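Below is one structure, written out as structure tokens, with a few remarks after it.
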Amino acid sequence: MSIRARFAPSPTGQVHIGNIRTAIFNYLFTRHNKGEFLLRIEDTDLERSTKQAIDALYDCMKWLGLDYDGEVMYQTTQSEHHKQVAKEFAAKGLAYELNPGEENTPVLFRLEYDCDSFPFVRSKGMVKVEVSAEAPVKINRAGVVYSTVNHKGKVVESAGCLAGFKDLKVYGKEGEILFALTSGNIEEIKSLVEPVTIENASAIEFERREVYYNDLVKKELSKPLDSIKDFIIIRSDKSPVFHLANVCDDITQHVTHIVRGDDHVENTYRHLFLFHAMGYPVPVYAHLPMIVNASGKPYSKRDGDAFVGDFREKGFLPHALFNYLALLGWSPGDDREKMSMEEMIEAFEIEKAQHSAAQFDFAKLSNMNGAYIAEMAFDEFENICWDFAERFEYKGNADRNVFRKVASLMQSRTKVFTDIAAWSYFFEDVKEYDAKGMKKFLKDETMRNALSSLVPVFAAGDLKDASAIENAIRNAETAFGFGQGKLNQSVRVAVTGTTVGAGMYETIEILGTEKCAERITKALAQPLPA
RNA sequence: GUUCCUAUCGUCUAGAGGCCUAGGACACCAGGUUUUCAUCCUGGUAACACGGGUUCGAAUCCCGUUGGGAAUGCCA
């Protein structure tokens, strides 16, 4: 049977990079294995799920090239099915109401007591736990509640589902058995609403079982069953809870592999029981580590730049983002980093995914984006720049031919498309002068005189190409006793207001020497920063 | 509190008991090319969290400690 994996986002707000990284891994995983990549939109949270959020999701996926197979499933269309499944559970004794008989009561799923034969449950042998006599041991259908004394002498309460305490015995002070869970009374306990309360217990003893599964990324994972509780599957308003809906839909969509964030590791232990209760073989899981922000913390609402849409706005190429995100928590095992889609699909082995969280590095993404820009065909680059310039005022003054020349000078200098904001001095007057640059290059008196001497030379307007312009600058340097090239940066600051840019002579050539003469005069009239 | 997960340069990572004097990339620093800026090239600083074990041999396997994260929701 071929592999079927899904991306199942809840469309609440913007699409987050952590989320889309999960989509990328699912995509690469299925494409590598020639399987199917399904999309399911978990829109059951009516309060927060919006049309805009769904549109934003499709938009992001399309932009990144994440094409999915088959029809999209909207989870809200499945809610009748979810409720039906819950009813079947109740009929089979696998679910019960929290407050029986009450109108608005949630429904809980019971972790099956007779689970020794389940393929994901195993025994860890008998354990004995000292309990505090200060609080009673309570047992009912929801499980066992008991208290222990911690190393500081504090009484701490613990609770777990019935299934966690196979063959439970509660001992009194003299070691006598106060209560025992047996095949004879288990059915009765399973229906007990009011708990059996056992005072003055000294210890409990039971067979500890644990739930386990083999994660493709994290290898074998396990958790004691006595640390898991029965859980709600239907809310008091009758709506299905995530756990139920998620598992039901995975079954409906015939999902074979679940690739998701490792914040779901703990849910998996419960979902395993759900799959089993519905008679479906448990899928294979792969839990991906999270992406954290520059301070090493999980992304929160404050980290504004974590949305896919923001990266698009900032001028990142979709493939650069895709490539970078694929490398966050995965590597092909060799030194390759810049990879085509085909290469990534070919190399993608989910087992090579990292076990621990990865920190997002904006600088590395920018560098990779710059590398992709550098190798772009010039026309494509120029077209994107022209579109991008829409958001900058200078575009109003820009002649497309001049813009083209500027773009050809700037391609190797562009990391992100918003960098082209800095091209404004080609199309409009310098509004701001870099303070550091002015202090460094426009302060010296002789230097200012040398610059002044350039004004009439430029104003004459007979220097037509870069090498003539270069000669003029060389001459001024010689006349004022400067070494070769000493004047370049001063001219740059005076003409462009900044210390970085394209080649100086080419820049002046595009601008025209007359305009540069005006700008030098204007720059020399600026007050020097303190 | 309990349970689960996790730990290699500042960051992303390579590493499957001997190929490790720990490799690559980003960032940073220095030098070169460009008489300037950027690209580019060369070089450099920089890591196996700590403590025990297993082994002839440990970044790698085991245990513990510490740090980080998660779950313990009628959120998903």
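Convention: sequence-line order gives letters A, B, ...; per-chain numbering from 1. Source: prediction; values computed, not measured.
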Using a cut-off of 4.0 Å on non-hydrogen atoms, how would the nucleic acid contact of A:T499 be classed: base, sugar-phosphate, or nothing? sugar-phosphate
Can you check whether A:M61 reaches A:F7 side chain to side chain, under 4.5 Å on heavy atoms? yes
What's the CD1-P distance between A:I228 and B:C5, to the nearest Å? 12 Å
Does the ring centre of A:H264 sit less than 6.0 Å away from the ring centre of A:F242? yes
Give none if B:G67 has no partner; otherwise give the nucleotide forming a Watson-Crick or G-U wobble pair with it, both distances under 3.5 Å. B:U6
Counting neighbours of NZ on A:K338 that are heavy atoms of other residues, nucleotides or ligands and sit closer than 6.0 Å, is the number greater than 12? yes
For nucleotides B:U36 and B:G31, find the distance between their P atoms and express it as a whole number of Å. 14 Å
For atom NZ of A:K124, decide whether the heavy atoms of other residues, nucleotides or ligands shown that lie under 6.0 angstrom number more than 12. no
Does the side chain of A:K486 get closer than 4.0 angstrom to OP1 or OP2 of B:U36 through an N or O atom? no
Side chain of A:E157, base of B:G1: donor and acceptor closer than 3.5 Å? no
For the C1' atoms, the ones on B:G24 and on B:C20, what distance do you get once it is rounded to whole angstrom? 14 Å
Rounded distance in Å between the P positions of B:U54 and B:G15: 29 Å
Counting only side-chain heavy atoms from C-beta out, which of B:U36, B:U11, B:U6 sits nearest to A:D361? B:U11
Nucleic acid footprint by protein, nucleotides 70-76 of chain B - heavy-atom cut-off 4.0 Å, B for base, S for sugar-phosphate alone: SSS-BSB
Would the A:H271 and A:H243 ring centres measure less than 6.0 Å apart? yes
Want to settle it: does A:Y324 or A:K218 sit nearer the 5' end of RNA chain B, counting the closest nucleotide to each? A:K218
Which part of the nucleic acid, if any, lies within reach of A:G370 when heavy atoms closer than 4.0 Å are counted: base, sugar-phosphate only, or nothing? nothing
Classify A:A358 by what it touches in the nucleic acid, base, sugar-phosphate, or nothing, heavy-atom distance under 4.0 Å. sugar-phosphate
Please report the C-alpha distance between A:Y212 and A:F120 in whole Å, then the side-chain angles of each, then the deciding distance to 0.1 Å, and finally whether the ring pair (Phe, Tyr, Trp, His ring centres under 6.0 Å) criterion is met. CA-CA 5 Å; A:Y212 71 101; A:F120 47 85; 8.1 Å; no
I need the CG-P distance between A:N471 and B:U36, as an integer number of Å. 16 Å
Please say whether more than 12 non-hydrogen atoms of neighbouring residues, nucleotides or ligands are located less than 6.0 Å from NZ in A:K51. no
If you look at every strand shown and take non-hydrogen atoms under 4.0 Å, does A:K238 touch a base, only sugar-phosphate, or nothing? nothing
Would you mind pulling out the nucleotide paired to B:A59, Watson-Crick or G-U wobble, both distances under 3.5 Å? none
Could you go through residues 355-364 of chain A and list every donor-acceptor pair under 3.5 Å that involves a side-chain atom there, pairing it with any protein atom two or more places apart or in another chain?
unit_1 : atom_1 : unit_2 : atom_2 : d
A:H355 : NE2    : A:V217 : O      : 3.1
A:Q359 : NE2    : A:A294 : O      : 2.8
A:D361 : OD1    : A:A363 : N      : 3.1
A:K364 : NZ     : A:E337 : OE1    : 3.3
A:K364 : NZ     : A:E337 : OE2    : 3.2

The Watson-Crick or G-U wobble partner of B:G1, with both key distances under 3.5 Å, is B:U72
Side chain of A:V500 only, heavy atoms from C-beta on: which candidate in B:G24, B:G68, B:A38 is closest? B:A38
I need the CG-C1' distance between A:L288 and B:U6, as an integer number of Å. 14 Å
Compare all side-chain heavy atoms of A:L288 with those of A:D262 and state whether any distance is below 4.5 angstrom. no
How far does the P atom of B:U11 sit from the matching atom of B:C50, given to the nearest Å? 15 Å
How is A:Y269 classified with respect to the nucleic acid when contacts are heavy atoms under 4.0 Å: base, sugar-phosphate, or nothing? sugar-phosphate
Would the A:F25 and A:W330 ring centres measure less than 6.0 Å apart? no
Can you tell me the distance, in whole Å, between the CD atom of A:Q354 and the C1' atom of B:G69? 15 Å
Out of B:G68, B:U3, B:U36, which has the shortest distance to the side chain of A:S227? B:U3
May I have the distance from A:Q484 (atom CD) to B:U34 (atom C1'), rounded to whole angstrom? 14 Å
Within a 6.0 Å radius of atom NZ on A:K138, are there more than 12 heavy atoms belonging to other residues, nucleotides or ligands? no
Sticking with atom C1', work out how far B:C26 lies from B:G18, rounded to a whole angstrom. 32 Å
If you define the side chain from C-beta out and look only at heavy atoms, does anything of A:F165 sit under 4.5 Å from A:Y146? yes
Grab the N/O contacts between the protein and nucleotides 62-67 of chain B below 3.5 Å, and write none if there aren't any.
none

Measure the distance from CG on A:D335 to P on B:C12 and round it to the nearest whole Å. 17 Å
Determine the contact category for A:T507: base if any of its heavy atoms lies under 4.0 Å from a base atom, sugar-phosphate if only primed atoms, P, OP1 or OP2 are that close, otherwise nothing. nothing
Hey, does the side chain of A:S331 come within less than 4.0 Å of B:A14's phosphate (OP1/OP2), counting only N and O? yes
Classify A:L221 by what it touches in the nucleic acid, base, sugar-phosphate, or nothing, heavy-atom distance under 4.0 Å. sugar-phosphate
With no hydrogens and no angle check, just 3.5 Å: does a side-chain donor-acceptor pair link A:T496 and A:R492? no
Rounding to the closest angstrom, what is the interatomic distance between B:A22 and B:C48 at atom C1'? 8 Å
A:G501 near the nucleic acid: base, sugar-phosphate alone, or nothing, with a heavy-atom cut-off under 4.0 Å? base
Side-chain N or O of A:N367 versus OP1/OP2 of B:A25: is the shortest distance under 4.0 Å? no
Using atom C1' in both nucleotides, what's the gap between B:C28 and B:G10 to the nearest angstrom? 9 Å
Expressed as a whole number of Å, how far does the P atom of B:A30 sit from that of B:U35? 22 Å
G-U wobble or Watson-Crick pairing nucleotide for B:A38 (cut-off 3.5 Å, both distances): none
Among the nucleotides B:U36, B:U3, B:U39, which one has an atom lying closest to any side-chain atom of A:K415? B:U39
Under-4.0 Å side-chain N/O to phosphate OP1/OP2 contact, A:Q359 with B:G10: no
Measure CG/A:N475 against C1'/B:U35 and give the value in whole Å, please. 13 Å
